[in-house]
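Working notes for the structure below.
All chains are named by letter (A, B, ...) in the order of the sequence lines, taking the proteins before the strands, and each is independently numbered beginning at 1.
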Protein chains: 2
Amino acid sequence: MATTEEVGTMFSRVNVDRVSLVIVDQIKGLIREGKLRPGDRLPTERELCQRFGVSRVPVREALRVLEATGLATVRVGARGGGYLTSPTAERLGEGLSDLLSLSPLTAANVTEARMIVELGILPLVVERATADDITELYDLIEAGGTALQDGTYTMEMSAAFHIRVADSAHNPAISMLVRGFHGPLLMSLEKAMEIAPAMGRLGIDEHLKLVDAIRFRDLAAAETVLREHLHRTARRVEHTRLD
Amino acid sequence: MATTEEVGTMFSRVNVDRVSLVIVDQIKGLIREGKLRPGDRLPTERELCQRFGVSRVPVREALRVLEATGLATVRVGARGGGYLTSPTAERLGEGLSDLLSLSPLTAANVTEARMIVELGILPLVVERATADDITELYDLIEAGGTALQDGTYTMEMSAAFHIRVADSAHNPAISMLVRGFHGPLLMSLEKAMEIAPAMGRLGIDEHLKLVDAIRFRDLAAAETVLREHLHRTARRVEHTRLD
DNA sequence: TTGGCGTAATGGTATTACCAAAGTAAGGGA
DNA sequence: TCCCTTACTTTGGTAATACCATTACGCCAA
């Protein structure tokens with residue numbers, strides 16, 4: 001007969017997770033291990049049922065979760081079924097915006113984090129920006145200028161510029177972070193405040209100075225410009241709640 | 001008879017979304033409008049079925065999606081069902097880390113981004129760290145020291161320390177970011193490389209120096225220590241693939 | 001030979017009915 | 001008063017079925 005202590009170590013905690021969760025985890029694991037890659041087609045629902053030895057309901061729930069996470073899309077019809085997709089930063093921002101609107105994060109919180117990231121990557125940007133990067137940045141600025149004259153300049157265009165700057169660091173992880181922040185943050189701010197034309201003009205001027213500094217690989221100047229630029233926009237959102 | 005152009009505008013693209021998606025959107029909408037708040041209990045599955053006029057499967061799929069998005073938890077049993085939750089920094093970071101570890105990013109990408117964030121927040125940490133923060137950081141270091149002697153020191157404990165440092169910036173958005181970095185990504189690295197005892201000793205010494213610098217509000221010293229610390233661990237990861 | 005059309009095969013979507021397991025809460029006895 | 005039992009609520013999972021969307025293929029005609 002085993003003592004109580006022995007029994008305590010004999011049995012390991014049995015995991016009675018939801019079946020759908022187990023399936024999701026297994027598929028995620030396969031993705032992590034590289035055995036499944038974006039573009040791959042998952043087996044049909046019926047086949048997944050057989051492989052996992054479960055009925056269709058949990059399998060479908062798992063597919064919905066993968067879909068919601070941005071890991072897969074499910075098509076109907078012949079040649080339909082689950083297809084793995086590589087989660088984009090856009091999808092991340094989508095999910096994030098839902099959560100941000102509920103979470104105790106304030107716009108000031110997000111802005112502060114954003115400043116840290118965007119200022120922090122400047123050394124990389126100044127070092128790695130290619131001629132193409134610079135050209136595209138100037139193009140964005142020009143587009144912003146004409147939009148400003150038309151009165152069609154939006155916060156979204158400003159966001160696009162900052163995202164393009166981040167892309168010039170040539171690190172996909174950083175691109176994802178910045179995209180993740182800009183989407184939800186600016187979408188909610190856009191509703192709250194119209195862009196005053198003078199404000200836009202000043203913003204675009206600063207964008208221009210920033211790209212100039214990047215072009216000349218002048219880190220100090222770039223930092224000065226961007227810090228002032230971000231601080232100025234930060235002050236506008238200081239007391240704004242995300243809602 | 002209508003002309004072709006007229007017909008072109010007469011019909012709008014029919015988009016028969018999945019029922020589960022419609023349900024999710026409706027609930028999200030109610031949350032956004034404030035008609036549903038964290039802590040609220042959703043109607044039971046059966047009742048949702050009646051209200052939406054659909055069967056249980058789509059309803060359950062919708063609940064799974066809400067769960068996966070971090071907007072709700074579902075309990076079984078009497079008084080069970082869906083309860084809306086307010087997403088925490090932990091939950092947000094979890095989603096972020098999932099995304100990072102499942103996207104085609106290299107360890108070097110993520111490490112670089114991590115360094116930018118963790119170094120970037122140091123000014124805030126040095127400025128805002130409370131006595132409690134400092135005490136807890138020392139506690140973590142002490143726990144790490146004893147664990148090291150026992151041979152039970154793990155990457156996870158190191159991660160906990162860095163997360164606690166980030167929490168000392170007292171910005172939930174930043175906490176979320178750093179938690180996102182120290183998720184499954186580092187856990188998978190943990191498998192790849194054992195912590196050499198000497199390595200751990202050195203790491204903990206650096207942790208100690210970092211907290212000392214934070215305590216004395218010595219930003220320059222803190223930056224020097226952390227930069228070296230992160231660079232050292234980064235070098236170990238440099239040629240490691242995420243797989 | 002080739003283009004278009006109809007049909008069959010494929011595979012997700014939703015309904016219904018049913019049972020099992022897990023919590024909760026209320027009732028009853030010591 | 002406290003604990004235990006019991007009954008009920010509610011989700012979790014299975015199975016069978018019908019239905020609809022999409023694609024592939026083969027046939028027929030030009």
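Applying the side chain to side chain donor-acceptor pair (under 3.5 Å) definition to pairs two or more places apart or across chains, those involving residues 19-29 of chain B are A/Asp98-B/Lys28.
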Donor-acceptor pairs under 3.5 Å, side chain of residues 133-141 of chain B to any protein atom, not counting sequence neighbours: which ones?
{"from": "B/Asp133", "atom 1": "OD1", "to": "B/Arg164", "atom 2": "NH1", "distance (Å)": "3.4"}
{"from": "B/Asp133", "atom 1": "OD1", "to": "B/Arg164", "atom 2": "NH2", "distance (Å)": "2.8"}
{"from": "B/Asp133", "atom 1": "OD2", "to": "B/Thr130", "atom 2": "N", "distance (Å)": "2.9"}
{"from": "B/Asp133", "atom 1": "OD2", "to": "B/Thr130", "atom 2": "OG1", "distance (Å)": "3.2"}
{"from": "B/Asp133", "atom 1": "OD2", "to": "B/His170", "atom 2": "NE2", "distance (Å)": "2.7"}
{"from": "B/Thr135", "atom 1": "OG1", "to": "B/Ala131", "atom 2": "O", "distance (Å)": "2.8"}
{"from": "B/Glu136", "atom 1": "OE1", "to": "B/Arg164", "atom 2": "NE", "distance (Å)": "2.9"}
{"from": "B/Tyr138", "atom 1": "OH", "to": "B/Asp212", "atom 2": "OD1", "distance (Å)": "2.4"}
{"from": "B/Tyr138", "atom 1": "OH", "to": "B/Arg215", "atom 2": "NE", "distance (Å)": "2.9"}
{"from": "B/Tyr138", "atom 1": "OH", "to": "B/Arg215", "atom 2": "NH2", "distance (Å)": "3.4"}

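A/Arg79 pairs by the side chain to side chain donor-acceptor pair (under 3.5 Å) definition with nothing, not counting sequence neighbours. In this structure A/Val19 satisfies the side-chain contact (heavy atoms from CB on, under 4.5 Å) test together with A/Ile23, A/Val54, A/Pro58, sequence neighbours excluded. Residues that satisfy the side-chain contact (heavy atoms from CB on, under 4.5 Å) test with A/Pro43, not counting sequence neighbours, are A/Glu47, A/Leu48, A/Arg51.
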Reading nucleotides 10-17 of chain C from the 5' end, what letters show protein touch, with B for base, S for backbone sugar-phosphate only, - for no heavy atom under 4.0 Å? BSBBBBB-
